[in-house]
Amino acid sequence: MKAAVVVFPGTNREHDIANAIALTSGAKPAMVWHGDSELPKVDLIVIPGGFSYGDYLRCGAMAAHSPVMREVKTRAEKGVPVLAVCNGFQVAAEMGIVPGTLMRNAHLQFVCGDVHLKVETSQSLFTNRYQQGQIIRVPVAHAEGNYFVDNDTLKRMEDRGQIALRYCGADGDLAAGNPNGSLRSIAGVFNETKSVLGMMPHPENAIEPRFGGTDGKALFESLVAAIA
Amino acid sequence: MNAPEKNPPVKLPNEPVITPQVVAEHGLAPDEYQRLLRIMGRDPTMVELGIFSAMWSEHCSYKSSKVWLKKLPTQAPWVICGPGENAGVIDIGDGQAAVFKMESHNHPSYIEPYQGAATGVGGILRDVFTMGARPIANVNALRFGDPSHPKTRHLVSGVVAGIGGYGNCMGIPTVAGETNFHRAYNENILVNAMTVGIAPADRIFYSAAAGLGNPIVYVGSKTGRDGIHGATMSSAEFSEDSESKRPTVQVGDPFVEKLLLEACLELMATDAIVAIQDMGAAGLTSSSFEMADKGELGVELHLDRVPMRETGMNPYELMLSESQERMLMVLKPGREEMARKVFEKWELDFAVIGTLTDTRRMVLRWHGDVVANIPIPPVVTQAPMYERPWTETRLPSTLAIADVPAPKDYGAALLKMIGCPDLASKAWIWRQYDHLIMGNTAIRPGGDSAVVRVAANKPKALAITSDCTPRYCAAHPETGGRQAVAEAWRNLTAVGARPLACTDNMNFGNPTKPEVMGQFGGCITGMAEACRALDFPIVSGNVSLYNETEGRPIMPTPVIGGVGLLADVEGCVDIALREAGLALVLVGETKGHLGQSIFLREVHGREAGAPPPVDLTVERRNGDFVRGQIGAGHVAACHDLSDGGLLIALTEMAMAGATGATIEAPGDIAPHAWLFGEDQGRYLLATARPDAVIAAAARAGVPARRIGTSGGGALTVEGLMAISLSELRRSHETWLPAYMAGEAA
């Protein structure tokens, strides 16, 4: 699996996700600087976490318009898989390659720690190594992860199975464990064709037993299985 | 009289006359100004006066503390660089070095908590990456006033948001810390931040300039009017009008610092840099002075070439601004364009602003005219240094167990203690810090030490902690100083690490008061003894004096930031009791010392008696034993005994691992003294092999006894109390979030 990780000024989780990809796929991803208009031919594009452009203007807003993202959008429209995590999700939402938007956390504070997630479908490039309904534990670290989308779009997304992950309690209770006030506890969403996944939690920080557990690993293994 | 000066400075337009009042406003005492006149041989210009004021401020010159700081041990075979550079450097094997330091940002954080704390983090990060290290962990030690003080909530909220705002954006995990509340900090909070970084041991960057004619380069943010005279402000007591000093607080931009970090590390990978120094306190003044003085050279700077944030700035402002995210570098000749490209890629300012000369003078030019011309060596060598008078704080008499009544209800006492501001869960704070980024955090905040792997896919890890017990230091500074070092060493030991070295952040009141100077000296004396006995040298540090308002000083607070090494991260243990049936073994001797204890304060409302004595021989022997047992794989969980004593340690272990325990009090000591005494040099171990541990302890001459067993959902002391973990957790976890949500303290 050949992957490219897009790096903006202020990106800071690029090494974490590159390491997770290297560990699961055996190949190091290419790191692509935001100013490059060339994007290598790859099987997976990753938009990692961080504070692109210092979160100035609005999280992800400036990165969404940087030179390399035009090419990312074109590739995404052609069906190249895109994994957008945390600030990457915010960028993807700003670009319109996944529906919805990420608002400031309801409690107005940055939140870091483990959360539980319910995997809503195993029918995707990103989740085929999970069971549908499986409860996994991965960390979050963000101040703007409060997912919102209008009612009509939400209904369409739920009908089409575009909700990838929801926050829940350790026992799967969807009324518990929402760390940021997200609508319907949504933690991750697909685009219509399920070739793009935007998610706030960090599966890349849950790949080793000693360092936060291994529940995030299957997401990368799913990609390797589907792509490689 | 000196020979006529070459290049005497011109006066700037509208330059004010230097009157005794102007001198006083610059924080210079009359005799210090006379000293200045002797060095200069003429009246200074305003720019020159400003430079002397900054260089001779307490903050930059350590004029009150230097004589004492010399007593601290700073050497060990593994120390690469001790105090005097931007940060300390120690060898951690395999060609790697750990670079670390702790620094205060107390005064700014009280005046403007978000920016004060944020720029404190920014400053210490810069100190570490200036030396060529990539930061891998941040730590902070915070002291706030009484929760019922009207400002405390606002200060906690702003400081925590500021620390998180800066560190999170930089992408450095904030992994450990401590937070205390006491009325002694009502108007003088303490914000001490520590950064640990990793560098190749043979690629450490220093600040000494070298190479006559080499270019001096300014990189980073533009210079603005923020923070002018910050160093002087930090060197005075607060008064009623301190709020008006807000413009002296710097404003941080962690996004720019992240770019600066990446750009500096990128350039450091080449051979372009001769010397580098961050612009911290006293900005361009102290950075250029330090580089030139250490390199025994002179500098000539063209201040009109400094990138400026606004028009109309003058040389005085440029030299004294504390705008953040700036660096000064000396490059090899001919490397300017290559370096410029790196900084332009990262969208940062880059300007060649001067050259190194052989005059040993600082010559500052403004559009060609000389505006300052100062001999460098005497500013440093003839800086004021004071052996201030001091009085010793006498050791209070020891409080007998019989003078401290047992609680009527042990369960109620425990609930009160575990939920009191000092012992309540600080998760509300550290959940606002990204403590997981980099994916290397093996032991998260909330235990004895954090453990952070040095690099992904490698076994080596560092243990990191910060410690100080100010109430012990206030009662008897020497014992308190000894205890702060011993506890940091113990906390590193408790996760299985070998303690290597530490950094100190000395927070005290007004040094011109003999009792305050005595506290400083006492703490240093105790720290020095402990550092020697434990082979735990101090490799970097910071002094913050004048932490007092309207004549009321803070408690003496010498915070110790400790770093230890774990060859293999798999070998570390944390405090969590995760399984039933483990034996609980108490290591160390318990006499039941209740003086200055949390029990005495929280249950009886008394702050009295001598602090617990620290026997350094025992400390070392017990610690070496515990580390050996962890290394041998005999230990499932370990916690050092400190605030609140045995029962608090056990409660924390039980809550962390969601497993209860039952213990039995011995008959030969009053139960409340046994459960809540704060005797030093002790650890509580959970082990599946109690016989092996106790036999090894006997061989090592270490007191160790089995006191109980893990299991169940409650904490039980036979015959005295039984409380469910959920009830304990409720008390422990509720206080801080409820307080911050506006409930009464």
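Bear in mind the structure is a predicted one, so any value in this text is a computation, not a measurement. Naming: A, B, ... by sequence-line order, numbering from 1 per chain.
- Of the two parts of A:Asp16, only the side chain, counted from C-beta on, holds a non-hydrogen atom closer than 4.5 Å to a non-hydrogen atom of chain B.
- Of the two parts of A:Glu208, only the side chain, counted from C-beta on, holds a non-hydrogen atom closer than 4.5 Å to a non-hydrogen atom of chain B.
- With sequence neighbours left out, the ring pair (Phe, Tyr, Trp, His ring centres under 6.0 Å) criterion links B:Phe144 to B:Phe181.
- With a 4.5 Å cut-off on side-chain heavy atoms, A:Val115 and A:Leu117 count as touching.
- Cation-pi geometry between B:Arg134 and B:Phe129 is not met: the NZ or CZ atom fails to fall both under 6.0 Å from the ring centre and inside 45° of the normal.
- At least one side-chain heavy atom of B:Ile198 sits under 4.5 Å from a side-chain heavy atom of B:Leu462.
- The closest side-chain donor-acceptor pair between B:Asn138 and B:Thr195 falls under 3.5 angstrom.
- A cation-pi arrangement is found for B:Lys345 relative to A:Trp33, the charged atom lying closer than 6.0 Å to the ring centre and inside a 45° cone about the ring normal.
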Checklist entry - Please walk me through it: do B:Asp226 and B:Ser323 pass side-chain hydrogen bond (donor to acceptor under 3.5 Å, both in side chains)? => result CA-CA 6 Å; B:Asp226 54 330; B:Ser323 288; 2.4 Å; yes
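- Using a 4.5 Å cut-off between heavy atoms, B:Glu570 contacts chain A through both its backbone and its side chain.
- Across B:Val451, B:Asp253, B:Val256, B:Leu259, the residue that shares the most heavy-atom pairs under 4.5 angstrom with chain A is B:Asp253.
- Of all residues spanning residues 84-98 of chain A, none has a heavy atom less than 4.5 Å away from chain B's heavy atoms.
- Ranked by heavy-atom pairs under 4.5 Å with chain A, the list B:Gly439, B:Cys169, B:Ala456 is led by B:Cys169.
- For residues 424-451 of chain B, every residue pair satisfying the ring pair (Phe, Tyr, Trp, His ring centres under 6.0 Å) rule, not counting sequence neighbours, is listed here: B:Trp430-B:His435.
- A:His107 does not touch chain B: none of its heavy atoms, backbone or side chain, sits under 4.5 Å away.
- More than 12 heavy atoms of other residues, nucleotides or ligands shown are found within 6.0 angstrom of CD on B:Glu266.
- For B:Lys460, the NZ atom is densely surrounded, since the number of other residues' heavy atoms within 6.0 Å is greater than 12.
- In terms of heavy-atom pairs under 4.5 angstrom with chain B, the leader among A:Pro9, A:Gly113, A:Ala141 is A:Pro9.
- Taking 4.5 Å as the heavy-atom cut-off, the residues of residues 18-29 of chain A that approach chain B are A:Asn19, A:Leu23, ordered by number.
- Annotation: side chain of A:His15 is not in contact with side chain of B:Met438 (no heavy-atom distance under 4.5 Å).
- Contact annotation: the side chain of B:Ile136 never approaches that of B:Ile172 to less than 4.5 Å [non-hydrogen atoms, C-beta and beyond].
- For the pair A:Arg210/B:Cys572, a side-chain contact is recorded, criterion being any heavy-atom separation below 4.5 Å from C-beta on.
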